[in-house]
Asks: 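Can you keep this structure in mind? I'll have questions shortly.
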Amino acid sequence: GAVVSQHPSWVICKSGTSVKIECRSLDFQATTMFWYRQFPKQSLMLMATSNEGSKATYEQGVEKDKFLINHASLTLSTLTVTSAHPEDSSFYICSAFGQGPYNEQFFGPGTRLTVL
Amino acid sequence: LAKTTQPISMDSYEGQEVNITCSHNNIATNDYITWYQQFPSQGPRFIIQGYKTKVTNEVASLFIPADRKSSTLSLPRVSLSDTAVYYCLVGDDGGSARQLTFGSGTQLTVLP
(Lines give C-alpha, C1' and ligand atoms only; values in the text may rest on other atoms or scores of the structure.)
Protein backbone atom coordinates (compact mmCIF):
# COMPACT_ATOMS: atom_id res chain seq x y z
CA GLY A 1 0.00 0.00 0.00
CA ALA A 2 0.86 3.65 -0.20
CA VAL A 3 3.16 5.10 2.45
CA VAL A 4 2.65 8.33 4.31
CA SER A 5 5.39 9.62 6.58
CA GLN A 6 5.44 12.31 9.21
CA HIS A 7 8.27 14.26 10.73
CA PRO A 8 9.04 14.64 13.51
CA SER A 9 7.54 11.65 15.28
CA TRP A 10 7.56 13.56 18.52
CA VAL A 11 8.41 17.08 19.60
CA ILE A 12 8.59 18.95 22.88
CA CYS A 13 8.49 22.71 22.83
CA LYS A 14 8.08 25.65 25.15
CA SER A 15 4.84 27.55 25.38
CA GLY A 16 4.71 30.40 22.89
CA THR A 17 6.92 28.81 20.26
CA SER A 18 5.86 27.49 16.87
CA VAL A 19 6.20 23.93 15.68
CA LYS A 20 6.10 22.61 12.11
CA ILE A 21 4.99 19.08 11.30
CA GLU A 22 5.62 17.60 7.87
CA CYS A 23 3.47 15.02 6.11
CA ARG A 24 4.81 13.32 3.00
CA SER A 25 3.33 10.84 0.57
CA LEU A 26 6.35 8.72 -0.29
CA ASP A 27 5.31 6.74 -3.33
CA PHE A 28 2.29 8.54 -4.70
CA GLN A 29 0.99 12.00 -5.34
CA ALA A 30 -1.69 13.42 -3.11
CA THR A 31 -3.62 16.47 -4.19
CA THR A 32 -5.57 16.29 -0.97
CA MET A 33 -4.30 15.50 2.49
CA PHE A 34 -6.09 15.60 5.81
CA TRP A 35 -4.92 16.63 9.26
CA TYR A 36 -6.39 15.06 12.37
CA ARG A 37 -5.84 15.62 16.06
CA GLN A 38 -6.27 12.96 18.69
CA PHE A 39 -6.30 13.50 22.44
CA PRO A 40 -5.56 10.60 24.82
CA LYS A 41 -8.27 7.96 24.89
CA GLN A 42 -10.29 9.86 22.31
CA SER A 43 -11.09 9.40 18.65
CA LEU A 44 -9.53 11.24 15.75
CA MET A 45 -10.94 14.66 15.03
CA LEU A 46 -10.56 16.14 11.59
CA MET A 47 -8.91 19.54 11.74
CA ALA A 48 -8.56 20.54 8.13
CA THR A 49 -8.37 19.42 4.55
CA SER A 50 -5.16 20.39 2.80
CA ASN A 51 -5.38 21.04 -0.93
CA GLU A 52 -2.31 21.30 -3.11
CA GLY A 53 -1.88 24.77 -4.49
CA SER A 54 -4.80 26.30 -2.65
CA LYS A 55 -5.94 27.27 0.82
CA ALA A 56 -6.80 24.63 3.34
CA THR A 57 -10.35 24.06 4.47
CA TYR A 58 -10.71 24.11 8.23
CA GLU A 59 -13.32 22.36 10.30
CA GLN A 60 -15.57 24.40 12.54
CA GLY A 61 -13.82 25.42 15.72
CA VAL A 62 -10.29 25.05 14.37
CA GLU A 63 -8.40 28.34 14.28
CA LYS A 64 -6.82 28.75 10.87
CA ASP A 65 -4.41 31.42 12.13
CA LYS A 66 -3.14 29.09 14.81
CA PHE A 67 -2.87 25.94 12.73
CA LEU A 68 -1.23 27.00 9.49
CA ILE A 69 -1.38 24.48 6.68
CA ASN A 70 0.72 24.64 3.54
CA HIS A 71 0.38 22.08 0.75
CA ALA A 72 3.04 23.35 -1.61
CA SER A 73 3.60 20.16 -3.60
CA LEU A 74 1.83 16.95 -4.48
CA THR A 75 3.84 15.03 -1.89
CA LEU A 76 4.16 17.43 1.02
CA SER A 77 1.79 19.13 3.41
CA THR A 78 2.92 20.95 6.53
CA LEU A 79 1.04 21.88 9.68
CA THR A 80 2.48 24.68 11.78
CA VAL A 81 1.18 25.12 15.29
CA THR A 82 1.82 28.78 16.03
CA SER A 83 2.31 30.16 19.54
CA ALA A 84 1.75 26.74 20.99
CA HIS A 85 0.21 26.34 24.42
CA PRO A 86 -0.07 23.31 26.69
CA GLU A 87 -3.64 22.68 25.53
CA ASP A 88 -2.26 22.13 22.02
CA SER A 89 -0.42 19.06 23.28
CA SER A 90 -1.87 16.20 21.29
CA PHE A 91 -1.22 13.51 18.69
CA TYR A 92 -1.38 14.95 15.19
CA ILE A 93 -2.01 12.59 12.29
CA CYS A 94 -2.10 13.27 8.58
CA SER A 95 -3.60 11.13 5.84
CA ALA A 96 -3.98 10.98 2.11
CA PHE A 97 -5.80 8.90 -0.43
CA GLY A 98 -3.42 6.55 -2.18
CA GLN A 99 -3.73 4.30 -5.15
CA GLY A 100 -5.17 1.35 -3.30
CA PRO A 101 -8.05 -0.70 -4.71
CA TYR A 102 -10.51 0.56 -2.13
CA ASN A 103 -9.83 4.27 -2.40
CA GLU A 104 -8.89 4.04 1.25
CA GLN A 105 -6.97 6.64 3.20
CA PHE A 106 -3.40 5.98 4.21
CA PHE A 107 -2.39 7.49 7.50
CA GLY A 108 0.94 8.74 8.69
CA PRO A 109 2.45 7.40 11.91
CA GLY A 110 1.49 10.54 13.80
CA THR A 111 3.41 13.26 15.64
CA ARG A 112 3.25 13.57 19.40
CA LEU A 113 3.39 17.25 20.39
CA THR A 114 4.04 18.19 23.99
CA VAL A 115 3.99 21.86 24.91
CA LEU A 116 5.56 22.72 28.24
CA LEU B 1 -22.12 11.59 6.78
CA ALA B 2 -23.85 8.69 8.47
CA LYS B 3 -23.32 8.39 12.21
CA THR B 4 -21.97 5.12 13.51
CA THR B 5 -22.40 3.42 16.88
CA GLN B 6 -20.03 0.79 18.21
CA PRO B 7 -19.43 -0.84 21.60
CA ILE B 8 -16.86 1.11 23.55
CA SER B 9 -14.85 -1.94 24.50
CA MET B 10 -14.64 -5.70 24.13
CA ASP B 11 -12.48 -8.36 25.71
CA SER B 12 -11.51 -11.65 24.15
CA TYR B 13 -9.02 -14.45 24.59
CA GLU B 14 -6.30 -15.57 22.27
CA GLY B 15 -7.48 -17.93 19.57
CA GLN B 16 -11.11 -16.87 19.71
CA GLU B 17 -13.11 -15.29 16.93
CA VAL B 18 -14.13 -11.72 17.65
CA ASN B 19 -17.12 -10.00 16.13
CA ILE B 20 -17.52 -6.24 16.43
CA THR B 21 -20.83 -4.82 15.30
CA CYS B 22 -21.40 -1.29 14.11
CA SER B 23 -24.77 0.38 13.67
CA HIS B 24 -25.29 2.92 10.89
CA ASN B 25 -29.02 3.41 10.56
CA ASN B 26 -28.76 6.44 8.29
CA ILE B 27 -26.42 4.92 5.72
CA ALA B 28 -26.95 6.36 2.26
CA THR B 29 -27.21 4.47 -1.00
CA ASN B 30 -23.74 5.52 -2.14
CA ASP B 31 -22.05 4.86 1.19
CA TYR B 32 -19.44 2.19 1.72
CA ILE B 33 -18.49 0.73 5.09
CA THR B 34 -14.83 0.79 6.03
CA TRP B 35 -13.02 -0.46 9.09
CA TYR B 36 -9.72 0.84 10.39
CA GLN B 37 -7.44 -0.44 13.15
CA GLN B 38 -5.35 1.80 15.37
CA PHE B 39 -2.60 0.85 17.77
CA PRO B 40 -1.52 3.28 20.51
CA SER B 41 0.52 6.21 19.21
CA GLN B 42 0.15 5.11 15.59
CA GLY B 43 -1.98 6.23 12.69
CA PRO B 44 -5.02 4.13 11.76
CA ARG B 45 -4.60 1.30 9.28
CA PHE B 46 -7.17 0.14 6.73
CA ILE B 47 -8.58 -3.31 7.44
CA ILE B 48 -11.50 -3.96 5.14
CA GLN B 49 -14.24 -2.30 3.15
CA GLY B 50 -17.58 -3.44 1.81
CA TYR B 51 -20.87 -2.32 0.34
CA LYS B 52 -23.16 -5.29 0.89
CA THR B 53 -23.20 -9.01 1.74
CA LYS B 54 -19.85 -10.42 2.79
CA VAL B 55 -16.28 -9.41 2.13
CA THR B 56 -13.24 -11.39 3.20
CA ASN B 57 -9.55 -10.67 3.01
CA GLU B 58 -6.45 -12.12 4.60
CA VAL B 59 -7.05 -10.51 7.99
CA ALA B 60 -10.81 -10.13 8.47
CA SER B 61 -14.32 -10.63 7.20
CA LEU B 62 -17.05 -8.04 6.96
CA PHE B 63 -20.68 -9.04 7.12
CA ILE B 64 -23.32 -6.60 5.92
CA PRO B 65 -27.03 -7.49 6.06
CA ALA B 66 -29.41 -6.66 3.26
CA ASP B 67 -30.70 -3.46 4.89
CA ARG B 68 -27.10 -2.27 5.41
CA LYS B 69 -28.03 -0.59 8.68
CA SER B 70 -25.31 -2.45 10.50
CA SER B 71 -22.12 -4.32 9.80
CA THR B 72 -19.98 -6.81 11.66
CA LEU B 73 -16.23 -7.02 11.55
CA SER B 74 -15.06 -10.56 12.22
CA LEU B 75 -11.49 -11.26 13.30
CA PRO B 76 -10.67 -14.98 13.23
CA ARG B 77 -8.45 -16.45 15.94
CA VAL B 78 -7.26 -13.23 17.50
CA SER B 79 -3.84 -12.90 19.08
CA LEU B 80 -2.46 -10.49 21.64
CA SER B 81 -1.22 -8.26 18.83
CA ASP B 82 -4.80 -7.64 17.73
CA THR B 83 -5.35 -5.52 20.83
CA ALA B 84 -6.22 -2.15 19.34
CA VAL B 85 -9.02 0.31 18.69
CA TYR B 86 -11.24 -0.57 15.74
CA TYR B 87 -13.17 2.15 13.94
CA CYS B 88 -16.18 1.69 11.70
CA LEU B 89 -16.68 4.45 9.13
CA VAL B 90 -19.40 5.05 6.61
CA GLY B 91 -19.11 7.34 3.65
CA ASP B 92 -19.35 7.91 -0.05
CA ASP B 93 -16.51 6.15 -1.77
CA GLY B 94 -16.60 8.36 -4.82
CA GLY B 95 -13.56 10.48 -5.56
CA SER B 96 -10.34 10.99 -3.67
CA ALA B 97 -11.31 14.00 -1.63
CA ARG B 98 -13.52 12.26 0.85
CA GLN B 99 -12.95 13.26 4.44
CA LEU B 100 -13.51 10.70 7.15
CA THR B 101 -15.50 11.13 10.34
CA PHE B 102 -14.32 8.84 13.08
CA GLY B 103 -16.70 7.64 15.75
CA SER B 104 -15.67 6.54 19.19
CA GLY B 105 -14.27 3.20 18.06
CA THR B 106 -14.12 -0.11 19.93
CA GLN B 107 -11.20 -0.92 22.18
CA LEU B 108 -10.52 -4.62 21.72
CA THR B 109 -8.38 -6.21 24.40
CA VAL B 110 -7.12 -9.71 23.74
CA LEU B 111 -6.19 -11.59 26.87
CA PRO B 112 -3.77 -14.52 27.12
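Just so we're on the same page: letters track the sequence lines, and every chain starts at 1.
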Asks: Under a 4.5 Å heavy-atom cutoff, which of Ile93(A), Leu44(A), Val4(A) has the most pairs with chain B?
Replies: Leu44(A)
Asks: Name, in order of residue number, those residues of residues 9-18 of chain A that have a heavy atom at a distance of less than 4.5 Å from a heavy atom in chain B; otherwise write 'none'.
Replies: none
Asks: If you draw a 6.0 Å radius around NZ in Lys66(A), do more than 12 non-hydrogen atoms from other residues or ligands fall strictly inside?
Replies: yes
Asks: Decide whether Leu46(A) and Leu68(A) are clustered together by the hydrophobic rule: side chain heavy atoms of Ile, Leu, Val, Met, Phe, Trp, Tyr closer than 4.5 Å, transitively.
Replies: no
Asks: Check whether Tyr87(B) gets within reach of chain A through its side chain, its backbone, both or neither, counting any heavy atom under 4.5 Å.
Replies: side chain
Asks: Distance from Gln38(A) atom CD to Gln38(B) atom CD, nearest 0.5 Å?
Replies: 4.0 Å
Asks: Report which part of Gln6(A) has an atom under 4.5 Å of a heavy atom belonging to chain B: side chain, backbone, both, or neither.
Replies: neither
Asks: For Tyr36(B) together with Phe107(A), are the ring centres under 6.0 Å from each other?
Replies: yes
Asks: I need the minimum non-hydrogen distance between Ser43(A) and Ser104(B), along with the two atoms involved.
Replies: CB-CA, 4.3 Å
Asks: If you count heavy atoms of other groups shown closer than 6.0 angstrom to CD1 of Ile8(B), is the number above 12?
Replies: no
Asks: Identify whether Leu80(B) and Ile20(B) are in the same connected component of the hydrophobic contact network (ILVMFWY, side-chain heavy atoms under 4.5 Å).
Replies: yes
Asks: Is there a chain of hydrophobic side chains (I, L, V, M, F, W, Y, each step under 4.5 Å between heavy atoms) that links Val55(B) to Ile33(B)?
Replies: yes
Asks: Please indicate whether His7(A) has more than 12 foreign heavy atoms, meaning atoms of other residues, nucleotides or ligands, lying under 6.0 Å from its NE2.
Replies: no
Asks: Should the heavy atoms of other residues, nucleotides or ligands under 6.0 Å from CZ of Phe39(B) be counted, would the total exceed 12?
Replies: yes
Asks: Pro44(B), Gly43(B), Pro40(B), Ser41(B): which one forms the most heavy-atom pairs within less than 4.5 Å of chain A?
Replies: Pro44(B)
Asks: Are Ile21(A) and Met33(A) connected into the same hydrophobic cluster when the rule is that any two of I, L, V, M, F, W, Y join if their side-chain heavy atoms are below 4.5 Å apart?
Replies: no
Asks: Does atom CE of Met10(B) have more than 12 heavy-atom neighbours, drawn from other residues, nucleotides or ligands, at distances under 6.0 Å?
Replies: yes
